[in-house]
Amino acid sequence: MTRKKVKLAYISNDSARKATFKKRKKGLLKKVSELSTLCGIDACAIIFSPYDSQPEVWPSPLGVQCVLSQFKKMPEMEQSKKMVNQDSFLRQRIAKANEQLKKQRKDNREKEITQVMFQSLTGKALLNLNMMDLNDLGWLIEQNLKEICKRMEALNNGASTHNSSNYGVVKNNGEASQQQVDKSSGFDQMSMEAMQKQQWLLDLMNPQEHMGFGGEEIMYPFGESSHSTLWSNPLYP
């Protein structure tokens, strides 16, 4: 059974607030003790509360004085280097959450445009797409074309090396040489088909010739331009 998430807000009920204070104070002192014992570090805790006339210290008043004296001997810049309060801590958490949200939106956007690209490859018309959608689609197609070109180049280099070694072995064998020519012809045919597909993708990627908008305006992939809105989709407001 999972624990219920506690809402970080002031507890208005006096009895509930006092019970929470006692419970969490005990847990905090236990954690400080464990940290000091397991890691062999100097640590202390000072807790002021309206429920006690004197502040509660751990491990002892003398131990607290030793830790504080070590802290005061440090330069002022070093003292505040890693010091945070509740406001700065919450700001750090908010900034981290915003970065995660930005990354998730970018990933979702890329998945959406990838789905549009696959739909267009099946013959579905590219309707209801604005300038940003077309820009993102063109950028994604360009990245896929670069990957295809890299793979084709690697295949060409591997095939050339393989063909050269085979030619050196069977250059005196007429039948084997004919088989090698047949293999080369088959590979050239595959290369031509790949080039034709690449040209089709290039035509799809260049909307200036087919969709009537200029290419001088600088656009950025996946919503990183000044336009913050995503393409129309009720699931992504």
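This is a predicted model, so every value here is computed, not measured. We number each residue from 1, following the sequence as shown.
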*Hey, mind stepping through Phe48 and Ile46 against side chain to side chain contact (heavy atoms under 4.5 Å, CB included) and telling me if it holds?*
CA-CA 7 Å; Phe48 291 88; Ile46 305 175; 3.6 Å; yes
_Please tell me whether Val57 and Leu29 are part of a single hydrophobic cluster in this structure, the criterion being side-chain heavy atoms less than 4.5 Å apart._
no
*Does the side chain of Ile47 reach to within under 4.5 Å of the side chain of Phe21, using non-hydrogen atoms?*
yes
*Is the backbone of Asn85 close enough, under 3.5 Å, to the side chain of Ser88 for a donor and an acceptor to pair up by distance?*
yes
*Before accepting this row, confirm whether a basic side-chain N of the pair Lys103/Glu99 lies closer than 4.0 Å to the acidic partner's carboxylate O.*
no
*asked:* Could you check whether Asp87 pairs with Arg91 (Lys NZ or Arg NE/NH1/NH2 to Asp/Glu carboxylate O, under 4.0 Å)?
replied: yes
*Any side-chain heavy atom of Arg17 within less than 4.5 Å of one from Tyr51?*
yes
_From OG (Ser33) to CG (Leu38), nearest 0.5 Å_ = 8.5 Å
*asked:* Tell me whether Phe118 at atom CZ has more than 12 heavy atoms from other residues, nucleotides or ligands lying less than 6.0 Å away.
replied: no
*Could you give the distance from CG (Leu140) to OG1 (Thr114), rounded to the nearest 0.5 Å?*
4.5 Å
_Suppose we screen for salt bridge (charged side-chain N to carboxylate O under 4.0 Å, His left out). Which residues come up paired with Glu56, at least two apart in sequence or across chains?_
Lys25
*Ile141 reachable from Ile113 in the ILVMFWY side-chain graph, under 4.5 Å edges*: yes
*asked:* Would you say Asn108 and Glu112 are linked by a side-chain donor-acceptor pair, where the criterion is simply a distance under 3.5 Å?
replied: no
*Using the test salt bridge (charged side-chain N to carboxylate O under 4.0 Å, His left out), find all partners of Lys146 that sit at least two apart in sequence or belong to another chain.*
Glu142
*asked:* If I take atom CG from residue Asn144 and atom SG from residue Cys149, how far apart are they, to the nearest 0.5 angstrom?
replied: 11.0 Å
*Backbone N/O of Gly63 and side chain of Ser60: donor-acceptor pair under 3.5 Å*: yes
*asked:* Holding to side chain to side chain donor-acceptor pair (under 3.5 Å), I want the full list of residues that pass it with Ser49, two or more places apart in sequence or in another chain.
replied: Asp52
_Verdict with reasoning, Asp136 to Glu110, per side chain to side chain contact (heavy atoms under 4.5 Å, CB included)_ = CA-CA 8 Å; Asp136 291 347; Glu110 185 171 356; over 6 Å; no
*Calculate, to the nearest 0.5 Å, the distance between atoms NZ and CG belonging to Lys111 and Asp107 respectively.*
6.5 Å
*Check: Thr20 side chain, Ala16 main-chain N or O, donor-acceptor pair, under 3.5 Å*: yes
*Is any side-chain heavy atom of Asp133 closer than 4.5 Å to a side-chain heavy atom of Asn128?*
no
*asked:* Donor-acceptor pair, distance only, cut-off 3.5 Å: does the side chain of Ser36 make one with the backbone of Asp42?
replied: no
*Hey, quick one: are Leu35 and Trp58 part of the same hydrophobic cluster, counting side-chain heavy atoms closer than 4.5 Å, chains of contacts allowed?*
no
*Check the hydrophobic clustering (I, L, V, M, F, W, Y; side-chain heavy atoms under 4.5 Å; chains of links allowed) and say if Met117 and Leu145 are grouped together.*
yes
*Using a 4.5 Å cut-off on heavy atoms from C-beta on, say whether the side chain of Ile148 contacts that of Met152.*
yes
*Shared hydrophobic cluster for Met74 and Leu68 (ILVMFWY, side-chain gaps under 4.5 Å)*: no
*Minimal non-hydrogen separation, Pro59 against Ala43, with atom names*: CD-O, 3.8 Å
*Taking the side chain as C-beta and beyond, is there a heavy-atom pair between Gln119 and Gln115 under 4.5 Å?*
yes
*For atom CZ of Arg151, is the number of surrounding heavy atoms from other residues, nucleotides or ligands below 6.0 Å larger than 12?*
no
